[in-house]
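The structure appears right after this line, and notes come after that.
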Amino acid sequence: MTKNEIAERLEEIAVLLELKGENPFKIRAYGAGARVLESLETDEFEQLVADEKLDSIKGVGTALAQKIGELHATGELEFLTELRASIAPGLVEMLEVPGLGAKKIKAIHDKLGVDTIAGLAEACADGRVADLAGFGAKSQEKIAEGIRNREAYGKRHLWWLANEVAQPIVSGLRARPEVERAEAAGSLRRGMETVGDLDFIVGSSDPAPVMTWFCELPEVKEITARGETKSSVRFESGLQADLRIVPPAQFVFALHHFTGSKDHNVAMRQRALERGKSLSEWGLVPAKGDGTAKEKAERGESVEVADEAGLFGELGMSFVPPALREGLGEIEAAEAGELPSLVALSDLKGAFHNHTTSSDGRNTLAEMVAAAEQRGWAYLGIADHSKASFQANGLDETRLRKQIAEIRELNGSGRFKTHVFAGSEVDILTDGALDFSDELMAELDYVVASVHNALTQSEADMTKRIIRAVENPHVTMLGHPTGRLLLRREASKADLSKIIDAAIANDTIIELNASPWRLDLDWRWWRKAADRGLICAINPDAHECDGLDHVAAGINSARKGWLQPHHILNTRSLKDVRTCFARKSSV
DNA sequence: GCCGTTTTCGGCCCGACTGTTTTCAGTCG
């Protein structure tokens with residue numbers, strides 16, 4: 001069993017133990033074990049298993065090492081099998097209902113004998129839930145509502161769409177006279193590919209009118225909590241938003257706290273404690289002394305900081321950009337002054353994977369180039385679909401040659417300042433062969449090779465198929481390597497480690513497809529891959545002019561992957577990109 | 001279940017809000 005599959009099993013154990021009412025710290029240990037496994041490189045993990053050194057991993061002790069070892073060797077774990085058998089799957093599902101946690105689910109199960117969502121809905125309908133100790137009419141109605149809207153409430157939201165909702169709210173908050181500072185925090189600020197809910201942090205000494213303004217936004221469908229300093233609302237789409245208002249002096253601490261991630265915060269707090277201080281959303285206060293952190297902060301015992309850089313500085317660290325705050329080594333790097341200078345949107349000088357009306361785009365070649373010029377890009381790559389993608393009106397050899405000629409003519413005309421590269425998004429056929437001949441591909445400036453069919457091949461077949469394409473000397477870059485569509489379609493099964501190795505060995509670039517629905521290759525792979533020499537191309541996969549702006553989503557992911565400008569092809573000058581393409585095509 | 005420059009036991013991050021309670025447990029982030 002692979003390391004990520006093992007991590008999933010540990011996560012499952014954590015959930016099941018929670019429903020059993022186990023010691024919360026034991027539960028946390030399983031969850032922490034799962035996360036630490038996910039962060040390990042596969043080779044590293046396999047070595048540790050071979051050496052029987054699993055317990056040398058921080059967060060993995062004797063018990064977890066034994067269980068991980070058993071899962072790795074046999075793919076099964078008796079402990080888990082028994083645990084599963086002892087808990088009805090319906091109880092696990094109930095965790096998705098807002099307001100229901102392990103304790104309440106246990107009470108419902110123990111006292112009412114209910115072990116399915118349907119059974120719970122019935123128990124709400126006939127009033128049995130309200131009669132339970134610790135429950136009442138309101139809890140019952142909330143649970144019933146949660147079951148009815150389970151699908152919409154449980155759903156995550158694409159970063160891009162959530163950001164479109166969030167930005168006007170941030171602007172609206174900042175425009176209010178009572179508001180000194182306002183930011184969107186949470187996973188949105190960290191640039192995660194999907195977002196569970198929105199978190200707004202406001203610094204103000206007069207919170208009441210701000211709270212009212214927020215709760216009365218026209219798009220609010222329901223107010224799920226309303227207090228003096230915190231309110232939660234739900235929008236029509238099911239997206240939930242929280243507003244927290246703190247005194248201006250505490251704004252930076254609250255912003256940092258609610259930006260997260262949880263792992264990052266835990267590490268930051270531990271670091272503060274090592275220095276005799278306690279960090280919370282209220283401030284950075286001495287760990288010793290009377291009262292809670294909040295009380296100390298209110299007595300003025302917190303250090304004062306003007307911004308987050310000041311907060312990190314107090315803990316002897318350089319500023320950690322929100323994108324890196326995932327608890328994946330950023331604390332250590334910041335302490336050592338070894339944080340990367342992350343790539344920024346302004347570093348991009350163009351992009352390579354874009355479509356026109358020749359295949360399935362909505363704008364013509366000239367319109368797309370004009371849009372690139374408007375954005376100040378030095379170059380734009382056109383890579384329309386190849387003939388195998390007939391559903392996308394892919395170009396055959398004749399139409400492609402005609403397009404190449406058009407592009408050469410456009411470049412020669414001097415009509416646009418933006419240079420156009422003639423490329424193609426060539427289908428990787430089922431067996432790994434390419435949809436165009438080597439001769440035709442040699443006529444292009446570059447080739448993006450992508451998989452568009454037979455996405456459900458076995459891992460072995462898909463890996464072999466993609467590697468064969470990556471090894472073709474005419475393939476400049478691999479497009480959307482896993483084919484995933486966020487929240488809609490799972491990634492294809494493939495051994496990405498092997499594919500990355502093959503790309504590095506063959507001087508082939510891998511795309512970070514910046515379409516907000518794809519963000520593929522996922523940011524979690526990039527840090528180590530780039531360290532080993534993999535070059536990235538951030539490509540919007542634009543199907544219309546405005547689609548070029550999706551590079552911003554790609555930049556978010558690239559930053560999360562610790563990428564710097566020199567890791568990314570499209571930060572290079574026109575001249576350098578030409579050199580890179582020429583080297584590849586002269587092979 | 002994990003961890004240790006207070007090391008083999010006793011901690012483990014912490015606060016807001018809700019609902020059901022009369023002082024707090026549960027959920028959430």
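What you are looking at is a predicted structure, and each value in this text was computed from that prediction instead of being measured. Protein chains get the first letters and strands the later ones, always in sequence-line order, with residue 1 at the start of each.
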**OP:** Kindly write out the residues that satisfy side chain to side chain donor-acceptor pair (under 3.5 Å) with A:Asp43, not counting sequence neighbours, or none if the list is empty.
**Re:** none
**OP:** With heavy atoms under 4.0 Å as the rule, sort A:Ala65 into base, sugar-phosphate or nothing.
**Re:** nothing
**OP:** Return the residues of residues 14-27 of chain A meeting this criterion: a heavy atom under 4.0 Å from some atom of DNA chain B. Order them by number, or give none.
**Re:** A:Asn23, A:Phe25, A:Lys26
Subject >> Integer angstrom distance from the P of B:dC13 to that of B:dC3 >> reply: 14 Å
Original post:
Does anything in residues 551-562 of chain A pair up under side chain to side chain donor-acceptor pair (under 3.5 Å), and if so which pairs, sequence neighbours excluded?
Top reply: A:Glu326-A:Lys560
**OP:** Considering only atom P, compute the distance from B:dA16 to B:dT22 and round it to an integer number of Å.
**Re:** 23 Å
Original post:
Are any non-hydrogen side-chain atoms of A:Val233 and A:Ile223 less than 4.5 angstrom apart?
Top reply: yes
Subject >> Pairwise C1' distance, B:dG1 and B:dT5 [rounded to whole Å] >> reply: 24 Å
Original post:
Hey, does A:Phe258 reach any base, or is it just sugar-phosphate, or nothing, if we go heavy atoms under 4.0 Å?
Top reply: nothing
Original post:
Near DNA chain B, under 4.0 Å by heavy atom, which residues of residues 221-243 of chain A?
Top reply: A:Ala225, A:Arg226, A:Gly227, A:Glu228, A:Thr229, A:Lys230
Original post:
If you measure from the Lys or Arg side-chain nitrogens to the Asp or Glu carboxylate oxygens, is any gap between A:Glu281 and A:Arg244 under 4.0 Å?
Top reply: no
Original post:
Considering only heavy atoms, which members of residues 182-211 of chain A lie under 4.0 Å from some atom of DNA chain B?
Top reply: A:Asp197
Original post:
Does the side chain of A:Leu324 reach to within under 4.5 Å of the side chain of A:Leu342, using non-hydrogen atoms?
Top reply: yes
Original post:
Salt bridge check: are A:Lys3 and A:Glu44 linked by an N-O gap of less than 4.0 Å?
Top reply: no
**OP:** Please indicate whether A:Lys493 has more than 12 foreign heavy atoms, meaning atoms of other residues, nucleotides or ligands, lying under 6.0 Å from its NZ.
**Re:** no
**OP:** Under 4.0 Å between any heavy atoms, over every strand shown, what does A:Ala102 touch: base, sugar-phosphate, or nothing? Just pick one.
**Re:** sugar-phosphate
Set out, line by line, the N/O atom pairs under 3.5 Å between protein and nucleotides 5-7 of chain B.
none

Original post:
Under the side-chain contact (heavy atoms from CB on, under 4.5 Å) test, which residues partner A:His72, sequence neighbours left out?
Top reply: A:Ile6, A:Phe45, A:Glu46, A:Val49
Subject >> Flag, side chain of A:Arg484 to backbone of A:Leu519, donor-acceptor distance under 3.5 Å >> reply: yes
Original post:
Rounded to the nearest Å, what distance is computed from the CD atom of residue A:Glu281 to the P atom of nucleotide B:dC17?
Top reply: 11 Å
Original post:
Between A:Arg28 and B:dC13, does any side-chain N or O lie under 4.0 Å from OP1 or OP2?
Top reply: yes
Original post:
Taking atom P in both B:dC9 and B:dC14, what distance in whole Å separates the two?
Top reply: 25 Å
Original post:
So which nucleotide does B:dT8 pair with, by the Watson-Crick or G-U wobble rule with both distances under 3.5 Å?
Top reply: none
Subject >> Position toward the 5' end of DNA chain B (nearest nucleotide), A:Lys262 or A:Lys138 >> reply: A:Lys262
Original post:
If you look only at pairs with a residue in residues 90-107 of chain A, which of them pass as a side chain to side chain donor-acceptor pair (under 3.5 Å), with sequence neighbours excluded?
Top reply: A:Glu93-A:Arg150, A:Glu96-A:Arg150, A:Lys106-A:Asp110
**OP:** Please work out if A:Leu100 contacts a base, only the sugar-phosphate, or nothing of the nucleic acid, heavy-atom cut-off 4.0 Å.
**Re:** sugar-phosphate
Subject >> Any pair counted as side chain to side chain donor-acceptor pair (under 3.5 Å), so long as it reaches residues 18-28 of chain A, sequence neighbours left out >> reply: A:Lys20-A:Ser86, A:Glu22-A:Lys26
Original post:
Do A:Arg234 and A:Glu145 sit within salt-bridge range, that is, some charged N less than 4.0 Å from a carboxylate O?
Top reply: no
**OP:** Return the value, rounded to whole Å, for the distance between atom CG of A:Asn265 and atom P of B:dG15.
**Re:** 14 Å
Original post:
Near DNA chain B, which residues from residues 54-61 of chain A have a heavy atom under 4.0 Å away?
Top reply: A:Ile57, A:Lys58, A:Gly59, A:Val60, A:Gly61
**OP:** Check step by step if salt bridge (charged side-chain N to carboxylate O under 4.0 Å, His left out) holds for A:Arg9 and A:Glu70.
**Re:** CA-CA 12 Å; A:Arg9 301 299 187 282; A:Glu70 189 175 331; over 6 Å; no
Original post:
How are the rings of A:Tyr30 and A:Phe79 set relative to one another: parallel (under 30°), tilted (30 to 60°) or perpendicular (over 60°)?
Top reply: parallel
**OP:** For A:Glu183, check salt bridge (charged side-chain N to carboxylate O under 4.0 Å, His left out) against everything at least two apart and list the hits.
**Re:** A:Arg174
Original post:
Counting any heavy atom closer than 4.0 Å, what does A:Lys106 reach on the DNA or RNA strands: base, sugar-phosphate only, or nothing?
Top reply: nothing
Subject >> A:Glu164 atom CD: more than 12 heavy-atom contacts under 6.0 Å >> reply: yes
Original post:
For A:Arg518 and A:Leu485, what are the C-alpha separation, side-chain angles and deciding distance, and is it a side chain to side chain contact (heavy atoms under 4.5 Å, CB included)?
Top reply: CA-CA 5 Å; A:Arg518 292 187 183 270; A:Leu485 294 176; 3.9 Å; yes
**OP:** Step by step, work out the side chain to side chain contact (heavy atoms under 4.5 Å, CB included) result for A:Glu193 and A:Asp522.
**Re:** CA-CA 9 Å; A:Glu193 60 275 24; A:Asp522 187 278; 3.7 Å; yes
Original post:
Looking at residues 108-124 of chain A, who's got a heavy atom less than 4.0 Å off DNA chain B?
Top reply: none
Original post:
Mind checking the C1' distance from B:dT20 to B:dA25? Whole angstroms is fine.
Top reply: 9 Å
Original post:
Quick one: does A:Leu188's side chain get under 4.5 Å of A:Trp159's, heavy atoms only?
Top reply: yes
**OP:** Count the heavy atoms belonging to other residues, nucleotides or ligands that lie under 6.0 Å from NZ of A:Lys138, then report whether that count exceeds 12.
**Re:** no
Original post:
Between B:dC17 and B:dT23, how far is it from one C1' atom to the other, in whole Å?
Top reply: 16 Å
Original post:
Rounding to the closest angstrom, what is the interatomic distance between B:dC12 and B:dT18 at atom C1'?
Top reply: 26 Å
Original post:
What does A:Ser139 touch in the nucleic acid at a heavy-atom separation under 4.0 angstrom: a base, only the sugar-phosphate, or nothing?
Top reply: sugar-phosphate
